[in-house]
Number of protein chains: 2
Amino acid sequence: MDTIINKVDAKGRVSLPSDYRAIVKELSTEIVCYRSLSSPCIEGCLEETLDKLAQDIETSTDFFSEAQDNLTNLIFGDAKRFPFDSTGRIVLTEKLLKHASIKDSAVFVGKGRKFQIWNPQNWEKEEARIRAEALKNRPSLRPQEKE
Amino acid sequence: MDTIINKVDAKGRVSLPSDYRAIVKELSTEIVCYRSLSSPCIEGCLEETLDKLAQDIETSTDFFSEAQDNLTNLIFGDAKRFPFDSTGRIVLTEKLLKHASIKDSAVFVGKGRKFQIWNPQNWEKEEARIRAEALKNRPSLRPQEKE
DNA sequence: TTGCATCCCATAAAATCCCATGATATACCA
DNA sequence: TGGTATATCATGGGATTTTATGGGATGCAA
């Protein structure tokens with residue numbers, strides 16, 4: 001949960017937000033990150049989340065399962081473990097940073113079982129886009145009052 | 001639930017009204033807050049309420065669905081846990097306070113499984129608007145006295 | 001030896017906890 | 001019923017702990 005902006009230093013180190021860390025720590029000492037398939041951002045989760053995804057698709061009889069299978073393979077091929085150090089940081093790779101156009105600061109965006117890491121400006125735009133979309137698709141949520 | 005006004009101090013702390021707290025305490029030691037999509041106010045609920053919502057989204061679409069991606073970003077990206085301290089307060093963030101234009105006092109409004117936190121003046125207007133709307137849609141309702 | 005990655009320590013800022021106080025509501029008793 | 005004692009609540013300030021972040025040391029590998 002939550003959206004948090006942290007700095008990325010010259011070594012590529014970023015602090016995993018403490019709220020995130022608290023949750024991860026209960027289950028593991030590392031996270032798994034990979035390039036998002038759909039957006040210019042990094043995605044992260046626990047390894048077990050990826051395993052579960054693979055299992056679900058294996059047992060699925062879904063018509064699209066083959067396509068999903070391919071996507072899953074893409075993710076697995078890209079994914080890498082990132083242990084965090086004693087101060088709670090991970091060291092992101094050039095490949096990931098480049099994919100997300102991240103230079104010296106990064107935004108962590110919660111997604112329930114996963115999270116994303118964005119370039120701050122790009123996330124700002126993306127968030128605006130998503131909000132606009134949500135309002136369009138649910139007219140009942142449209143703001144009514146003006147101030 | 002009641003409508004209660006409490007002060008917000010320089011640190012962003014607000015007392016969760018004791019009636020609210022009593023209910024929350026039975027199930028958790030913290031609440032989850034996020035910016036209302038439709039109004040200039042903060043919304044709060046129990047984490048399980050959000051989890052349920054996320055589950056509904058997950059089961060209605062697949063892992064790679066763009067719509068699901070957007071919604072989970074919207075919900076979990078914005079929401080944040082707010083544990084209350086030993087005196088029953090939570091510390092609201094700048095982002096939330098700004099969204100609701102809350103400075104030094106806040107109104108808690110019960111909404112069933114959720115509640116909202118408003119800037120007092122804005123809530124006054126909003127309440128008037130809701131009353132007017134209710135009367136318009138149900139002419140049989142006579143105006144009762146206001147307090 | 002040199003480059004790279006990991007680990008460790010230091011520090012400043014921020015979030016959290018703890019206690020004190022005043023106010024309000026509730027309970028109790030004459 | 002009135003009036004006082006008691007408990008609960010809201011609020012303020014200060015102390016303590018956690019976090020984020022920078023710099024440097026250490027170890028491994030090419």
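Proteins get letters first, then strands, A, B, ... in listed order; numbering begins at 1 in each. We use all heavy atoms of the structure for the numbers below, so side chains are in, but hydrogens, waters and symmetry mates are not.
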Base, sugar-phosphate alone, or nothing: which one does B:D85 contact when heavy atoms must sit under 4.0 Å apart?
nothing

Separation of atom CD in B:E30 from atom P in C:dT16, rounded to whole Å
11 Å

Would you mind reading off the distance between B:D2 atom CG and D:dA10 atom P, rounded to a whole angstrom?
12 Å

Please state how far atom CD1 in A:I5 lies from atom C1' in C:dA14, giving the value in whole angstrom units.
16 Å

Assign each of B:V91 and A:R13 to its nearest nucleotide of DNA chain C by heavy atoms, then name whichever residue's nucleotide is nearer the 5' end.
A:R13

Indicate yes or no: does A:E127 engage B:R35 in a salt bridge with an N to O separation below 4.0 Å.
yes

Which listed nucleotide (D:dT19, D:dT11, C:dC9) is nearest to the side chain of B:K7?
D:dT11

Tell me what B:P83 touches on the nucleic acid: a base, only sugar-phosphate, or nothing, going by heavy atoms under 4.0 Å.
nothing

With respect to the side chain of A:K11, which nucleotide from D:dG12, D:dG24, C:dC17 is positioned closest?
D:dG24

Expressed as a whole number of angstroms, how long is the span from B:K80:NZ to C:dT16:C1'?
12 Å

Under 4.0 Å, heavy atoms only, any strand: does B:S15 hit a base, just the sugar-phosphate, or nothing?
base

If you draw a 6.0 Å radius around CD in A:E30, do more than 12 non-hydrogen atoms from other residues or ligands fall strictly inside?
yes

Measure from CD1 on A:I90 to P on D:dA20 and round the result to the nearest Å.
12 Å

d(CZ, B:R81; P, C:dT16) in whole Å:
13 Å

Give a yes or no on whether a salt bridge exists between A:R131 and B:D78, defined as a side-chain N under 4.0 angstrom from a carboxylate O.
yes

CZ of A:R89 versus P of D:dG22: gap in Å, rounded?
8 Å

Inspect the contact between B:K80 and A:D19 and indicate whether a charged nitrogen and a carboxylate oxygen are less than 4.0 angstrom apart.
yes

Nucleotide nearest A:T87 (side chain, heavy atoms from C-beta), chosen from C:dA20, D:dT21, C:dC7:
D:dT21

Integer-rounded Å distance: D:dA10 P and B:I4 CD1:
7 Å

Short side-chain N/O contact to D:dA20 OP1/OP2 from A:R21, under 4.0 Å:
yes

May I ask you to evaluate whether B:S86 reaches the phosphate of C:dC18, defined as a side-chain N or O under 4.0 Å from OP1 or OP2?
no

N-O pairing of B:R81 and A:D2 below 4.0 Å:
no

Check every strand shown and say whether A:L16 touches a base, only sugar-phosphate, or nothing at a heavy-atom separation below 4.0 Å.
sugar-phosphate

